[in-house]
Amino acid sequence: MALRFYNTLTQQVEPFSTRDNVVRMYSCGPTVYNFAHIGNFRSFVFPDMLRRWLRARGFTLNHVMNITDIDDKIIRNANAAGKSINEFTEVYTKAFLEDTAALRIERPEHITPATAHIPEMVEAVEQLTKAGHTYVSDGSVYYRIATFPGYGKLSHNDFSGIRAGARVDNDEYDKDDARDFVLWKAAKEGEPAWDTSIGNGRPGWHIECSAMAMKYLGEQLDIHTGGVDLTFPHHENEIAQAEGISGKQFVRFWLHAEHLSVESQKMSKSLGNIYTLRDIQEKGYTPEALRYLLGSVPYRKKLNFTFDGLKAAMTSIERLRNYELRLKTSHFPEGTNDALETRAQTAVKAFDEAMDDDLNTAEALAAVYEYVRDTNSAMDSGEFKAGNVAGALAFLARFDSIFDVLKPTVKAGSLSDAEVETLIAERTSAKKNKDFARADGIRKELLEQGVILEDTKEGVRWKRA
RNA sequence: GGCGCGGUAGCCAAGUGGUAAGGCAGAGGUCUGCAAAACCUUUAUUCGUCGGUUCGACUCCGAUCCGCGCCUCCA
């Protein structure tokens, strides 16, 4: 079966293709008012694995991610911290880029802040006005949803119960209809503002994504991703904006990542269970363990984050790394076992088919582990031959091109390889002289430096923790 | 109230109208100076509950219980 994804728009799994092999993809990025938490990272690991899989399937990517660096929360928090908006957002933008790099999330082709696109947003609002979709109230520009009949088609909400024209006054702004939303907010005392042709003010939250997506990707996108909570109203509003301007279908595939819970509870400040990558690392877990855990549960399924699960992820990665090390350092008998070559092909096929099936990473992992178990067994029994190494490593590489967890995160200030080798040589001679105390001493010393030794039939093997 | 999702072993979780993937943890074993790694065996007669359809359902239908998300800012 071909590559297919669940599309929120149609509520069905649909075959995926593009008209020219380029995937125009947009992902809603972070709002930089704080450090991103593990829940945020799930919705960024997802498009990363999606990108990698699309590339594995021969597509070229043109992927855009915004960084929301102007919004109510930012203004509030920056004021509370006594900082300018720029000073404030700079800190968290930098942290976001560092964290995503540590999690091996690839940089999209375009990752760029909202405030660098004020002219594009203003132009978008002007075009909406020209098309008759807006009105002005107290200096702010609003989208009049009554002019956009398709509203609700993404979130599958029926808005017929809400009477158009009903005055909603529980908002700080005056809207004509509960569904209407602000495109451009009139300047307020103590808030940043841009003096533009549509007034002195700042952009509403929704317009940035439409404006940036259309600037870099054109009027029609192949894929748009985001967290499930963004389906309504954010993505619904993006559709109203983009389609209100172009008159064309904005996005073909809407892919939404489910949320995660923490120890079966919703993340919340009061529960104190909002973890950042820094929190995770302080507890001794590696970024790649978090990446593995976040990626191991299919993206449309709620993921229950637990520290047991994170531990399990560490162990699982360790096993795969040991397997890779074994492939690279062991001496296998000459020749090629044809049955095992076929087994490798079967594994690749199973992995690919699982990924094609709406990115079923859990099943893809099962294909990996079944293959690892089978080949480990074959190595023990001597059936695995030197000629089978390449096929095994190729499969492992395919897995890692998506999951990207095999390479250890190297810590600064570690022993050099040469220093490690010297100590190992010393230990080997101590062992020959039956000076096990000295040998164990060296092993312990290296362990403290983050180097793990393993004695095998073919000599000492080592790796970094 | 509207829309939507989920309940599978100790934990995390795949899956299919034909008799339960995988990972982690646990137990026993092989190997080993010790350790590590690896491998083998073992761990759900059962898939929230109750009915129905069927030769046969965890998988389809109905009901029901429980948990969760969105409908306002939220990944």
Side-chain angles (χ1 to χ4, degrees), chain A residues 8 11 27-31 33 36-47 71-73 76 152 155-162 168 170-171 178-179 181 205 225-234 236 256-261 263-268 292-293 296-298 300-323 325-326 330 350 354 357 360-381 431 434-437 439-440 443-444 447 452-457 460-463:
Chain A
T8 306
Q11 296 178 298
S27 298
C28 285
T31 299
Y33 68 99
H37 54 66
I38 55 176
N40 295 312
F41 289 129
R42 182 183 197 193
S43 52
F44 297 126
V45 167
F46 156 59
D71 94 320
D72 293 348
K73 250 183 293 203
R76 193 190 61 209
S155 54
H156 304 97
N157 278 323
D158 179 8
F159 292 98
S160 58
I162 301 174
V168 177
N170 59 351
D171 195 279
R179 301 173 303 172
F181 60 92
W205 173 37
T225 75
V228 275
D229 56 293
L230 296 182
T231 309
F232 186 87
H234 183 55
E236 201 73 73
H256 289 100
E258 249 302 344
H259 281 186
L260 62 73
S261 52
E263 308 281 355
S264 300
Q265 289 183 300
K266 190 180 176 174
M267 278 194 297
S268 74
Y292 180 98
L293 180 60
S296 65
V297 177
R300 282 202 293 131
K301 181 117 181 173
K302 288 188 187 76
L303 185 161
N304 184 24
F305 174 90
T306 64
F307 283 99
D308 279 350
L310 197 53
K311 234 173 273 170
M314 294 269 277
T315 311
S316 300
I317 292 171
E318 202 46 44
R319 185 172 155 206
L320 294 174
R321 286 178 181 168
N322 284 324
Y323 176 74
L325 196 62
R326 185 177 192 186
S330 295
D357 182 13
N360 190 338
T361 49
E363 205 171 329
L365 282 172
V368 172
Y369 286 106
E370 282 175 49
Y371 176 76
V372 168
R373 196 212 312 121
D374 288 354
T375 47
N376 262 325
S377 267
M379 288 179 209
D380 284 356
S381 68
K431 264 176 52 176
K434 302 260 190 239
D435 183 359
F436 293 121
D440 289 352
R443 186 167 65 192
K444 197 174 165 214
L447 184 62
I452 296 168
L453 299 194
E454 290 167 9
D455 293 329
T456 73
K457 283 178 191 136
V460 186
R461 194 162 81 173
W462 69 276
K463 64 191 178 189

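Atoms considered below: every heavy atom in the structure, side chains included; atoms not considered: hydrogens, waters and symmetry mates. Per chain, numbering begins at 1; letters A, B, ... match sequence-line order.
- Among the atoms of the strands shown, base atoms are found under 4.0 Å from some heavy atom of A/A362.
- Partners of A/F436 by ring-ring contact (aromatic ring centres under 6.0 Å, His included), not counting sequence neighbours: none found.
- Across the P atoms, B/A9 and B/G62 are found 25 Å apart, a figure rounded to whole Å.
- Atom-to-atom, CD of A/E363 to P of B/A14 comes out at 10 Å; the value is rounded to the nearest Å.
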Pairing annotation in dot-bracket form, given for RNA chain B with Watson-Crick or G-U pairs under 3.5 Å and | for cross-strand partners: (((((((..(((.....[...))).(((((.......))))).....(((((..]....))))))))))))....
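- When the C1' atom is compared between B/C66 and B/U8, the two are found 16 Å apart, to the nearest whole Å.
- Side chain of A/N304, nearest nucleotide from B/C39, B/C12, B/A75: B/C12.
- Every residue two or more places apart in sequence or in another chain was checked for a salt bridge (charged side-chain N to carboxylate O under 4.0 Å, His left out) with A/D71, and none qualifies.
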Contacts under 3.5 Å, N or O only, protein and nucleotides 31-36 of chain B:
from, atom 1, to, atom 2, distance (Å)
B/G33, N1, A/D440, OD1, 3.1
B/G33, N2, A/D440, OD2, 2.8
B/C34, O2, A/R443, NH2, 2.5
B/C34, N3, A/R443, NH1, 3.0
B/C34, N4, A/D455, OD2, 2.9
B/A35, N6, A/D455, O, 3.2
B/A35, N1, A/D455, N, 3.0
B/A35, N3, A/R443, NH1, 3.0
B/A36, O2', A/E454, OE2, 3.4
B/A36, N1, A/D455, O, 3.4

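- With both ends at atom C1', the span from B/U64 to B/U72 equals 32 Å, rounded to whole Å.
- Summarising the geometry, the separation between OH on A/Y292 and P on B/C12 is reported as 16 Å, rounded to the nearest angstrom.
- A/H37 is linked by a ring-ring contact (aromatic ring centres under 6.0 Å, His included) to nothing, counting only residues two or more places apart in sequence or in another chain.
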Less than 3.5 Å apart, which donor and acceptor atoms pair up between the side chains of residues 311-323 of chain A and the rest of the protein, not counting sequence neighbours?
from, atom 1, to, atom 2, distance (Å)
A/T315, OG1, A/K311, O, 3.0
A/S316, OG, A/A312, O, 2.9
A/E318, OE2, A/K463, NZ, 3.1
A/R321, NE, A/V405, O, 3.4
A/R321, NE, A/L406, O, 2.7
A/R321, NH2, A/E288, OE2, 2.8
A/R321, NH2, A/V405, O, 2.8
A/R321, NH2, A/K407, O, 3.2
A/N322, OD1, A/K463, NZ, 2.2
A/N322, ND2, A/E318, O, 3.1
A/Y323, OH, A/T375, OG1, 2.6

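- Comparing the C1' positions of B/U30 and B/C12 gives a spacing of 29 Å, expressed to the nearest Å.
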Starting from the C-alpha separation in whole Å, work towards a yes-or-no answer on side chain to side chain donor-acceptor pair (under 3.5 Å) for A/S296 and A/T361. CA-CA 6 Å; A/S296 65; A/T361 49; over 6 Å; no
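- Proximity of A/N360 to the phosphate of B/G15: a side-chain N or O atom is located under 4.0 Å from OP1 or OP2.
- For A/N322, whose side chain is taken as the heavy atoms from C-beta onward, the closest listed nucleotide among B/A38, B/G69, B/A14 is B/A38.
- In this view, A/W462 satisfies the ring-ring contact (aromatic ring centres under 6.0 Å, His included) rule with no residue, not counting sequence neighbours.
- With C1' as the reference atom, B/A75 and B/U32 are 49 Å apart, rounded to whole Å.
- Take A/Y33 and apply the ring-ring contact (aromatic ring centres under 6.0 Å, His included) test, not counting sequence neighbours, and it matches no residue.
- Among the nucleotides B/G22, B/G15, B/G4, the one closest to any side-chain atom of A/A366 is B/G22.
- A/H256 comes within 4.0 angstrom of nothing in the nucleic acid, heavy atoms only.
- Under 4.0 angstrom from either OP1 or OP2 of B/G23 there lies no side-chain N or O belonging to A/S296.
- A/R42 meets the salt bridge (charged side-chain N to carboxylate O under 4.0 Å, His left out) test with no other residue; sequence neighbours excluded.
- Judged purely by atom type and a 3.5 angstrom limit, A/S377 has no side-chain atom pairing as donor or acceptor with the backbone of A/D374.
- Of the possible polar contacts, one joining the A/E236 side chain to the A/S155 backbone as a donor-acceptor pair under 3.5 Å is found.
- Atom CZ in A/R319 sits roughly 10 Å away from atom C1' in B/C39 (whole-Å rounding).
- With sequence neighbours left out, A/H234 forms a side chain to side chain contact (heavy atoms under 4.5 Å, CB included) with A/C28, A/W205, A/H206, A/C209, A/L230, A/E238.
- Among the heavy atoms of the strands lying under 4.0 Å from A/H259 is at least one base atom, whether or not backbone atoms are also near.
- Distance, A/L303 CG to B/A13 P: 6 Å, rounded to whole Å.
- Among A/H156, A/H256, A/R300, the single residue meeting the side chain to side chain donor-acceptor pair (under 3.5 Å) criterion with A/T8 is A/H256.
- Within the structure, every side-chain polar atom (N or O) of A/R326 is placed at least 4.0 Å from both OP1 and OP2 of B/A37.
- Distance, A/L260 CG to B/G67 C1': 16 Å, rounded to whole Å.
- Comparing A/K301 and A/S261 by the nucleotide of RNA chain B whose heavy atom lies nearest to each, the residue mapping closer to the 5' end is A/K301.
- Taking the P atoms as reference points, B/U53 lies 47 Å from B/G26, given to the whole Å.
- Between the NE2 atom of A/H234 and the P atom of B/C73 there is a distance of 11 Å, rounded to whole Å.
- Under a 4.0 Å N-O distance rule, the pair A/E454/A/R461 qualifies as a salt bridge.
- Only the C1' atoms considered, B/C40 is 39 Å distant from B/C55, to the nearest whole Å.
- Across the C1' atoms, B/G22 and B/C3 are found 34 Å apart, a figure rounded to whole Å.
- When rounded to the nearest whole Å, the span between CZ of A/R42 and P of B/A75 equals 15 Å.
- Residues from residues 305-318 of chain A lying near RNA chain B, meaning a heavy-atom separation below 4.0 Å, are A/A312, A/T315, A/S316 in numerical order.
- Counting any heavy atom pair closer than 4.0 Å across all strands shown, A/P30 reaches no nucleic acid atom.
- Listed by chain and residue number, nothing satisfies the salt bridge (charged side-chain N to carboxylate O under 4.0 Å, His left out) test with A/D435 (two or more places apart in sequence, or in another chain).
- We find that CZ of A/F181 is positioned 11 Å from P of B/C73, with the value rounded to whole Å.
- Of the residues near RNA chain B, A/N376 and A/S155, the one whose nearest nucleotide (by heavy atom distance) lies more toward the 5' end is A/S155.
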